Enquirer: 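Got a structure for you, questions after.
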Amino acid sequence: MFSCRSLLLLLLSVCSLTAPSLALPFEQRGFWDFAMDGEVGDLTTVMMRDEEGSAVEELPPDVSLCPFGCHCQLNVVQCSDLSLTAVPKEIPRDTKLLDLQNNRITELKENDFKGLTNLYALSLVNNKISKVHLRAFTPLLRLKKLYFSRNLLTVVPKNLPPSLVELRIHENRIKKVAEGTFSGLGSMNCIEMGGNPIQNSGFEPGAFKGLKLNYLRISESKLTGIPKDLPDSLHELHLDNNQIQAIELEDLSRYKHLYRLGLGFNHIRMIENGSLSYVPNLRELHLENNRLNRIPMGLPDMKYLQVVYLHSNNISRVDVNDFCPRGFGMKRNFYNGISLYGNPVNYWEVQPATFRCVGDRLAIQFGNYKK
C-alpha cells in the first residue's frame with residue numbers, strides 16, 4: 001500500500017512538456033501512472049504545493065471529520081484499498097487531495113463531492129466506475145488533476161471542471177469521443193487516454209475543439225492512422241502500440257509545434273515523402289518496431305532533430321545522406337541518438353560519413369539482427 005507522501009509526490013508531478021534535453025538521448029518509456037510507482041517515505045515531511053508553488057497551509061488533522069477507515073492528514077484524505085462501493089461521506093471541506101484508488105466504486109453521484117471547493121487532485125484509479133452524474137464534478141471549482149484510469153467508462157465524462165489541467169483516463173472502455181467533449185476546458189494541458197478500444201472513426205469532428213494541449217497520448221488503442229483535427233498546439237503526441245499503416249503527406253500538417261512524436265510498435269510500412277517537413281521543430285522521432293524498409297525521407301532537413309528510433313524494422317540499406325545534410329551549417333543540433341539495431345543492415349557496409357552530424361559515435365546503435 002502506498003504511503004500518503006508517495007501519492008502526494010506523484011500527483012504533483014506535472015506532465016513533462018519542456019523541450020527535450022540536449023544531452024542524453026530520450027529513453028522511451030510507458031507514460032507513468034502514479035498507482036504503479038513505489039513508496040518514497042512519510043507525508044509529514046512534505047507540503048503540497050499548487051501550480052504557483054505556494055505551500056498548502058499545514059493544519060492539525062481533524063480526526064472527527066475523517067471518513068471511517070480513511071487516513072486524514074495535512075489536507076490529504078487517503079481512502080485507497082478499502083473495498084469501498086461508494087464515495088465516503090463527511091470528507092473534510094479543506095481537503096486538497098482525495099485518494100479513492102483501488103476500491104469498488106461503481107458510480108459517481110451528484111452530491112459525492114459536495115463542499116469540496118478546494119480540492120486540487122482526485123484519484124479514482126482502479127475502481128469499477130461506469131456511470132458519472134452530470135453534476136458530480138460541479139462543486140470542484142479548483143480541481144486541476146483528475147485520475148480516472150482503469151475503470152469501466154465508455155465515454156469521457158461530461159461537465160468536467162473548467163479548472164482542469166490534467167486528465168488521465170487510460171484503460172477504460174471508451175470507443176467514442178463526441179464533438180464538444182472537452183468544450184470549456186481551456187486550461188487543459190495534458191490528456192492521457194491510451195488503452196481504450198477507440199478507432200479513428202470514434203473521434204467525431206470537433207472532439208478536441210477548444211483545447212490547447214501540450215501533451216496527448218492515445219497509445220494501445222485501435223488506430224489505423226493518425227487522427228484528424230487533434231489540437232495544433234501539441235508539443236508531444238504519443239500514438240504507440242496501435243495499428244497505424246502509413247504516414248500520408250498531410251497527416252502531420254497541423255502539428256508544427258511538435259517536439260516529440262511517438263509512433264513505435266505500429267504497422268507503418270510507408271512514410272510519404274514530404275510528410276516530415278510539417279514538423280520542423282521535432283527533436284525526437286520514435287518509429288521503432290514497425291515495418292519500414294528504408295530510412296524516412298526528409299531527416300537531413302530537420303534542423304533540430306536529435307533522436308531517431310528506427311530499431312526493429314526491415315531496413316536493409318543506409319545511404320550516406322540519409323541522416324545528415326549535404327552542406328555545412330544547416331543542422332542546428334547534432335544527433336545524440338540513432339538506433340538501427342534489429343534491422344537487416346550490415347553495419348560494416350555503412351560509410352562512416354553517414355553519421356558526420358552525430359555528436360558521439362556511441363550514440364549510434366547497430367547490430368543484434370535475427371531473422
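Quantities reported herein were computed from a predicted structural model and do not represent experimental measurements. Here, residue 1 is the first one in the sequence, and each next residue gets the next number.
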Enquirer: Backbone N or O of S221 within a donor-acceptor pair of the N242 side chain at under 3.5 Å?
Expert: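 Looks like yes, one N/O pair under 3.5 Å.
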
Enquirer: Are E220 and R217 close enough, and set up right, to give a salt bridge (Lys or Arg N to Asp or Glu O under 4.0 Å), and what steps lead you there?
Expert: CA-CA 9 Å; E220 303 170 59; R217 181 174 183 251; 3.0 Å; yes

Enquirer: Looking only at side-chain N and O atoms, does R332 offer a donor or acceptor that is under 3.5 Å from a partner on Y304?
Expert: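 Yes, a side-chain donor-acceptor pair sits under 3.5 Å.
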
Enquirer: Run the side-chain contact (heavy atoms from CB on, under 4.5 Å) test on L287 and I268 for me, step by step, so that the C-alpha distance in whole Å, both residues' side-chain angles and the decisive distance to 0.1 Å come before the verdict.
Expert: CA-CA 8 Å; L287 287 163; I268 300 173; 4.1 Å; yes

Enquirer: Do Y347 and Y335 share a hydrophobic cluster (ILVMFWY, side-chain heavy atoms under 4.5 Å, transitive)?
Expert: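 Shared cluster, yes.
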
Enquirer: Is there side-chain contact between L100 and S123, with heavy atoms separated by less than 4.5 Å?
Expert: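 No, too far: nothing below the 4.5 Å cut-off.
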
Enquirer: Checking N313 side chain against R291 main chain: does a donor-acceptor pair fall under 3.5 Å?
Expert: yes

Enquirer: List the steps, then state whether side-chain contact (heavy atoms from CB on, under 4.5 Å) holds for F334 with D360.
Expert: CA-CA 9 Å; F334 280 172; D360 188 333; over 6 Å; no

Enquirer: Compute whether any side-chain donor of one residue and acceptor of the other, for N321 and R356, lie under 3.5 angstrom apart.
Expert: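 Yes, side-chain donor-acceptor contact under 3.5 Å.
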
Enquirer: Are the side chain of K331 and the backbone of M302 linked by a donor-acceptor contact shorter than 3.5 Å?
Expert: yes

Enquirer: With the 4.5 Å side-chain cut-off for hydrophobic clustering, are L249 and L292 part of the same group?
Expert: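 Yes: a chain of side-chain contacts under 4.5 Å links L249 to L292.
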
Enquirer: Take E204 and K176, measure what salt bridge (Lys or Arg N to Asp or Glu O under 4.0 Å) needs, and give me the verdict at the end.
Expert: CA-CA 8 Å; E204 291 188 356; K176 180 180 178 181; 3.0 Å; yes

Enquirer: Considering all heavy atoms of both residues, which atom of S187 and which atom of S163 are nearest to each other, and what is their separation?
Expert: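 Between these two residues, the closest heavy atoms are CB-O, 4.3 Å.
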
Enquirer: Between D112 and K114, is there a side-chain N and carboxylate O pair less than 4.0 Å apart?
Expert: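 Salt bridge between D112 and K114, a charged N being under 4.0 Å from a carboxylate O: no.
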
Enquirer: Check the pair N266, N290 against side chain to side chain donor-acceptor pair (under 3.5 Å), reporting the backbone distance first and the verdict last.
Expert: CA-CA 5 Å; N266 275 283; N290 276 284; 4.8 Å; no

Enquirer: Just say parallel, tilted or perpendicular for the rings of F366 and F355, cut-offs at 30° and 60°.
Expert: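 Perpendicular.
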
Enquirer: Can you tell me if Y147 and E166 form a side-chain donor-acceptor pair at under 3.5 Å?
Expert: yes

Enquirer: Can you classify the ring geometry of F148 versus F137 as parallel (below 30°), tilted (30 to 60°) or perpendicular (above 60°)?
Expert: perpendicular

Enquirer: Testing the 3.5 Å rule here: is there a donor-acceptor pair between the side chains of N196 and N172?
Expert: no

Enquirer: Could you check whether any side-chain N or O of N343 sits under 3.5 Å from a backbone N or O of V345, counting only pairs where one atom can act as donor and the other as acceptor?
Expert: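 Between the backbone of V345 and the side chain of N343 there is no qualifying donor-acceptor contact (under 3.5 Å).
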
Enquirer: Nearest 0.5 Å, what's the OG-CG distance between S80 and L124?
Expert: 12.0 Å

Enquirer: Are side-chain N/O atoms of S219 and H238 paired as donor and acceptor at under 3.5 Å?
Expert: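 No, H238 and S219 have no side-chain donor paired with an acceptor closer than 3.5 Å.
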
Enquirer: Can you check side-chain contact (heavy atoms from CB on, under 4.5 Å) on D99 and V76, steps first, answer last?
Expert: CA-CA 8 Å; D99 173 17; V76 176; 6.0 Å; no

Enquirer: Taking it one step at a time, do D229 and K209 satisfy salt bridge (Lys or Arg N to Asp or Glu O under 4.0 Å)?
Expert: CA-CA 8 Å; D229 299 327; K209 185 178 180 180; over 6 Å; no

Enquirer: M193 and L230: same hydrophobic cluster, using ILVMFWY side-chain contacts below 4.5 Å?
Expert: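 Linked within one cluster.
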
Enquirer: Which class fits the ring pair H286 and Y309: parallel under 30°, tilted 30 to 60°, perpendicular over 60°?
Expert: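 Perpendicular, since the angle between the ring planes exceeds 60°.
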
Enquirer: Any chance the side chains of N189 and N214 put a donor and an acceptor closer than 3.5 Å?
Expert: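 N189 vs N214: donor-acceptor pair found between side chains.
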
Enquirer: Honestly curious: do F323 and M297 fall in one hydrophobic cluster under the side-chain, below-4.5 Å linking rule?
Expert: no

Enquirer: One thing to verify: whether R260 and E284 come together as a salt bridge, which I'm taking to mean a side-chain N less than 4.0 angstrom from a carboxylate O.
Expert: yes

Enquirer: Has S233 got a side-chain atom pairing as donor or acceptor with L213's backbone, closer than 3.5 angstrom?
Expert: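 Checking the backbone N and O of L213 against the side chain of S233, a donor-acceptor pair under 3.5 Å is found.
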
Enquirer: Under a 3.5 Å cutoff, is there a donor and acceptor pairing between the side chains of N118 and R142?
Expert: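 There is such a pair (donor and acceptor under 3.5 Å, judged by atom type) between the side chains of N118 and R142.
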
Enquirer: Do any N or O atoms from the side chain of N151 and from the backbone of I129 form a donor-acceptor pair under 3.5 angstrom?
Expert: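 Indeed, once roles are kept as given, a pair shorter than 3.5 Å links the two residues.
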
